[in-house]
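Working notes for the structure below.
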Number of protein chains: 2
Amino acid sequence: MSTTTRQDREPRSAERDAVRSAERALARVLEEKGLRRSRQRDVVVRTFFGMGGHVAVDALLEQVRRADPRVGVATVYRTMKLLAEHGLAVPRDFGDGRARYEPATHRHAHSHDHLICTGCGTIVEFESHRIEALQHRVARRHGFEVERRRVELYGRCARCRGVEGNEETAA
Amino acid sequence: MSTTTRQDREPRSAERDAVRSAERALARVLEEKGLRRSRQRDVVVRTFFGMGGHVAVDALLEQVRRADPRVGVATVYRTMKLLAEHGLAVPRDFGDGRARYEPATHRHAHSHDHLICTGCGTIVEFESHRIEALQHRVARRHGFEVERRRVELYGRCARCRGVEGNEETAA
DNA sequence: GTTAGTGCAAAGACTTTGCACACCG
DNA sequence: CGGTGTGCAAAGTCTTTGCACTAAC
């Protein structure tokens with residue numbers, strides 16, 4: 001069937017490539033715009049693309065500070081905004097009141113949806129052309145032309161259902 | 001096909017009924033819990049169910065104050081939370097950083113999705129069993145059991161596409 | 001009269017902004 | 001050196017909370 005997936009936190013050497021290509025892309029963007037490179041931007045970019053997927057700003061900051069404790073919050077926000085403006089990162093909002101970004105690497109070029117575990121927070125991506133086509137069809141029937149989709153399915157993953165709610169009390 | 005719809009702001013006398021049945025439901029809930037009725041709660045409930053659909057708290061407050069200017073923000077938040085806790089309202093988050101609630105009337109008993117116009121903000125609801133079934137299927141394939149869905153399709157409605165972006169400059 | 005409910009303003013959580021200094025080019 | 005980028009802290013948003021007061025029951 002026409003679905004593909006990708007797990008968060010799954011260690012992949014592809015991330016090294018992502019970091020490298022993102023750095024190159026950023027360098028190009030900065031040059032085009034006459035913007036400057038900086039130690040902080042490099043750290044943020046490297047860290048962000050090294051983390052791979054759905055990074056919340058506070059988590060990113062924490063990680064960035066591990067590499068360079070003197071980086072400020074504002075810089076992280078500003079850099080991520082910059083990345084987003086130039087299509088290198090995609091802002092995501094999962095409704096928990098925290099800004100998240102997702103790397104806009106090749107595997108994210110297509111619009112995709114999210115499965116989010118309400119137990120452990122694991123996020124799984126999937127893509128279904130069938131679903132997407134149906135949604136466009138319904139929208140068109142209502143006179144809408146879809147520009148952007150936001151599809152999140154919340155539920156419990158296999159592992160969390162396995163322990164049958166034990167970790168609730170443990171947490 | 002298996003989709004149903006409902007437009008926002010469309011004046012319907014059904015809303016009078018919604019208000020009445022919501023008031024009754026609230027009265028029952030309050031009595032069960034040994035909670036008190038109050039002038040403010042009545043106003044908020046009446047206003048909320050009278051507005052019909054996807055009400056942002058600030059808009060609700062404004063409207064409520066038209067009926068009773070002395071109602072405070074906190075009361076509106078508290079009342080809506082109460083309604084949500086007892087299943088009379090459903091919290092919605094469209095990612096604009098404002099709390100929204102939707103009446104949990106009979107027509108909202110089913111899970112449904114939203115079409116949101118990026119031009120004029122119009123929200124249209126739709127329901128598609130086909131799409132929902134497919135989503136459940138995909139989720140199950142990943143070991144997930146879906147508890148809650150969030151599907152929002154952003155785009156431009158027919159009217160906004162008609163004026164071809166003129167109102168952008170006007171706004 | 002108890003005690004829940006209210007209004008106000010203060011406190012929170014997160015993000016953005018203003019400003020002086022730092023540093024890239 | 002000129003101007004962009006940074007850090008800090010202040011300001012902004014939106015929502016929640018603490019507290020004295022009001023008002024249900």
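Lettering follows sequence order; numbering is per chain, from 1. All values derive from a computational prediction rather than experimental measurement.
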Next item on the list: Test salt bridge (Lys or Arg N to Asp or Glu O under 4.0 Å) on B:R66 and B:E62 and set out the steps.
Entry: CA-CA 6 Å; B:R66 215 160 286 179; B:E62 190 186 328; 3.2 Å; yes
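Atom CG of B:L30 is separated from atom C1' of D:dC25 by 13 Å (rounded to the nearest Å). In this entry the distance linking CZ of A:R78 with P of C:dA22 reads 16 Å, nearest Å. Atom CG in A:L61 sits about 13 Å away from atom P in D:dT6, given to the nearest Å. Remark: C1' of D:dG5 and CG of A:D42 are 13 Å apart, rounded to the nearest angstrom. When the P atom of C:dC14 is taken as reference, atom CG of A:D93 falls 13 Å away, rounded to whole Å. Rounded to a whole Å, the CZ atom of A:R100 is 11 Å from the P atom of C:dC14. Between A:R70 atom CZ and D:dT6 atom C1' the separation is 10 Å, expressed in whole Å. The CD atom of B:E85 sits 11 Å away from the P atom of D:dT16 (whole-angstrom rounding).
Counting heavy-atom neighbours within 6.0 Å of B:E31 CD, excluding the residue itself, gives a total of 12 or less.
Among the nucleotides D:dT15, C:dA9, C:dG5, the one closest to the side chain of B:S38 is C:dG5. Comparing C:dA4, D:dG7, C:dG25 against the side chain of B:R36 picks out C:dA4 as the nearest. The side chain of B:V71 has C:dG7 as its nearest neighbour among C:dG7, D:dG7, D:dT15.
The side-chain heavy atoms of A:E125 and A:H114, taken from C-beta on, include a pair separated by under 4.5 Å. Contact annotation: the side chain of A:V57 never approaches that of A:R98 to less than 4.5 Å [non-hydrogen atoms, C-beta and beyond].
Taking the nucleotide of DNA chain D with the nearest heavy atom to each of A:V73 and B:Y77, the more 5' of the two is matched to A:V73.
Side chain B:R39 to base C:dG5: no donor-acceptor pair is found below 3.5 Å. In terms of polar N and O atoms assigned as donor or acceptor, the side chain of A:R41 never comes within less than 3.5 Å of the base of D:dG5 in a complementary pairing. Put simply, the side chain of A:R37 and the base of D:dG5 share no donor and acceptor less than 3.5 Å apart.
Relative ring orientation between A:F94 and A:H54 is described as tilted, the plane-to-plane angle lying within the 30° to 60° band.
Listed pair B:Q40 / C:dG7 meets the phosphate criterion, a side-chain N or O lying under 4.0 Å from OP1 or OP2.
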